[in-house]
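Every chain is numbered from 1 and lettered A, B, ... according to where its sequence line falls, protein lines coming before strand lines.
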Amino acid sequence: MVGYSWCEEFLGSFVMFCNKASESKRATLASTILVAVKSSSSSRSSDPCDRKKPIPQISRSYSGQFTPNTQKFGDNNLDGFTRPMIQTKVMTGAVPGTRQFSVVESVCRILHQLKWSPASEEALEKLNCALDPYQANQILKQLQDYRVAVGFFYWLKQRPGFKHDGHTYTTMVGILGRAREFGAINKLFGQMITDGCKPNIATYNRLIHSYGRANYLNEAVGVFNQMQKVRCVPDRVTYRALIDIHAKSGYLDVAINLYQRMQEAGLSPDTFTYSLIINCLGKAGHLTAAHKLFCEMVSQGCVPNLVTYNIMIALHAKARKYQCSLQLYRGMQSSGFEPDKVTYSIIMEVLGHCGHLDEAEAVFAEMKRKNWIPDEPVYGLLVGKIWQR
DNA sequence: GTAGGGTTAG
């Protein structure tokens, strides 16, 4: 039985939450509550945990269709190219009473203030200093805006006496990958080779990660195959990226197969990879195997982290092994891990299913005491629980 | 001397 005081407190927090929320958030929240109310009033067994998601179809062929971005570097709206000259004071050297800026700092300040523009190009020319690829890479790494990075990279490329190396090319591949500029990546990759810089494992991993994050699974696998053709041996990062993107796309069998290949290659999994595969096995319905792998991980001296525990708790909760979830929850705490919002959310649901609403109340209070702000789904869940009383 | 990655819930 849920105490009245808890309901009152919860509703108080709920009203406060609603007052703080924006109109759109309130609308979303209203629909969340409606769903919770509808589901609890229509059937008592229709809690979120009971709702079965369709099993991912794991044998289908890849559907990623890659259309290269044909945008050219010269006309991709590089900031300021079409604007009048910006008259901004740029600090590029010694100022009385202050320390001398390094070349890297000076260039970064120019690019930060002027982005890529005729003004920044002029300021860079005025600096009149020779940059080496190491410094160029230090600068590139600090550029958040890919358009600035592209402008600076190609400005460097045409500078007499300057030559990009594998590091600067790889950094640039990463920057373009984050921006999902695949047409530009292809162009750059070709230039890297004609420039005599051999792509290495870091370059290939960046490509795989970029394609994977954009859901271009075929292209990511293509890079994986290509790198092996040129005898670049995949490492942990390669396998981890491929396992992750396949698991996320529902190709659980491919992910598990990659894990086996990784082991065959003599690469031992780390906490991150174990977590990915444990989740994969559990989602594919192999909970015993997932649990076994969790035990193996511990026995191998690989320490589970909070996410590993959250995965294990959630997998057992989904399989309705609520006591196992609670046992893992306690084990996690005795191992010194503080639950986070994800843990609390799962555990409240588990306790709700077990009928321990007083304990769910205590967890809710603890969650708030530890400054975790309950979000819409958590409120939706609790509204559903109250409605069921 | 530099370069690569990120997992979990509803």
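Set against B:dT8, B:dG10, B:dG6, the side chain of A:R213 has B:dG6 as its closest nucleotide. Ranking B:dA9, B:dG10, B:dG6 by closeness to the A:D270 side chain, first place goes to B:dG6. Which of B:dG10, B:dT2, B:dT7 sits closest to the side chain of A:K248 comes down to B:dT7. Closest contact between the side chain of A:S345 and the listed nucleotides B:dA9, B:dT2, B:dG6 involves B:dA9. In this structure, the nucleotide among B:dG10, B:dT8, B:dG6 sitting nearest to the side chain of A:I311 is B:dT8. Here the nucleotide nearest the side chain of A:F272, chosen from B:dT8, B:dT7, B:dG10, is B:dT7.
Using a 4.0 Å heavy-atom cutoff across all strands shown, A:H167 reaches at least one base atom of the nucleic acid. Among the heavy atoms of the strands, none lies under 4.0 Å from A:D132. At the heavy-atom level, A:I201 lies under 4.0 Å from base atoms of the strands shown. Residue A:N137 is in base contact, counting any heavy-atom pair closer than 4.0 Å across all strands shown. Among the atoms of the strands shown, none is found under 4.0 Å from any heavy atom of A:A241.
If you measure from atom CE of A:M332 to atom C1' of B:dT8, you get 12 Å, rounded to the nearest angstrom. The CE atom of A:M348 sits 11 Å away from the C1' atom of B:dG10 (whole-angstrom rounding). In this structure, A:M367 places its CE atom 11 Å from C1' of B:dG10, rounding to the nearest Å. Rounded to whole Å, the distance from CH2 on A:W372 to C1' on B:dT8 is 13 Å. Atom CD1 of A:I313 and atom P of B:dT8 are 15 Å apart (whole Å). If you measure from atom CG of A:L276 to atom P of B:dG6, you get 11 Å, rounded to the nearest angstrom. The NE2-C1' distance, from A:H316 to B:dG10, rounds to 19 Å in whole Å. Atom pair A:M262:CE and B:dT7:C1' shows a separation of 13 Å (rounding to whole Å applied).
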- Task: Please lay out, stage by stage, how A:E122 and A:K126 fare under the test salt bridge (Lys or Arg N to Asp or Glu O under 4.0 Å).
- Result: CA-CA 6 Å; A:E122 192 188 344; A:K126 273 188 186 162; 3.4 Å; yes
- Message: Using side-chain hydrogen bond (donor to acceptor under 3.5 Å, both in side chains), reason through A:E366 and A:Y344 one step at a time and then give a plain yes or no.
- Response: CA-CA 9 Å; A:E366 183 186 318; A:Y344 283 129; 2.7 Å; yes
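Within a 6.0 Å radius of CD in A:Q228, other residues, nucleotides and ligands contribute more than 12 heavy atoms.
Under 4.0 Å is where a charged nitrogen must lie from a carboxylate oxygen, and between A:R159 and A:E125 at least one such pair does.
Aromatic ring orientation, A:F224 versus A:Y239: perpendicular (interplanar angle above 60°, classes split at 30° and 60°).
Taking side-chain N and O atoms only, A:K318 has a distance below 4.0 Å to OP1 or OP2 of B:dG10. Put simply, A:R236 has no side-chain N or O that comes within less than 4.0 Å of OP1 or OP2 on B:dG6.
Atom CG in A:L258 sits 11.5 Å away from atom CG in A:D244 (nearest 0.5 Å).
Ring-to-base geometry places A:Y134 in a stacked arrangement with B:dG1 (centre distance under 5.5 Å, plane angle under 30°).
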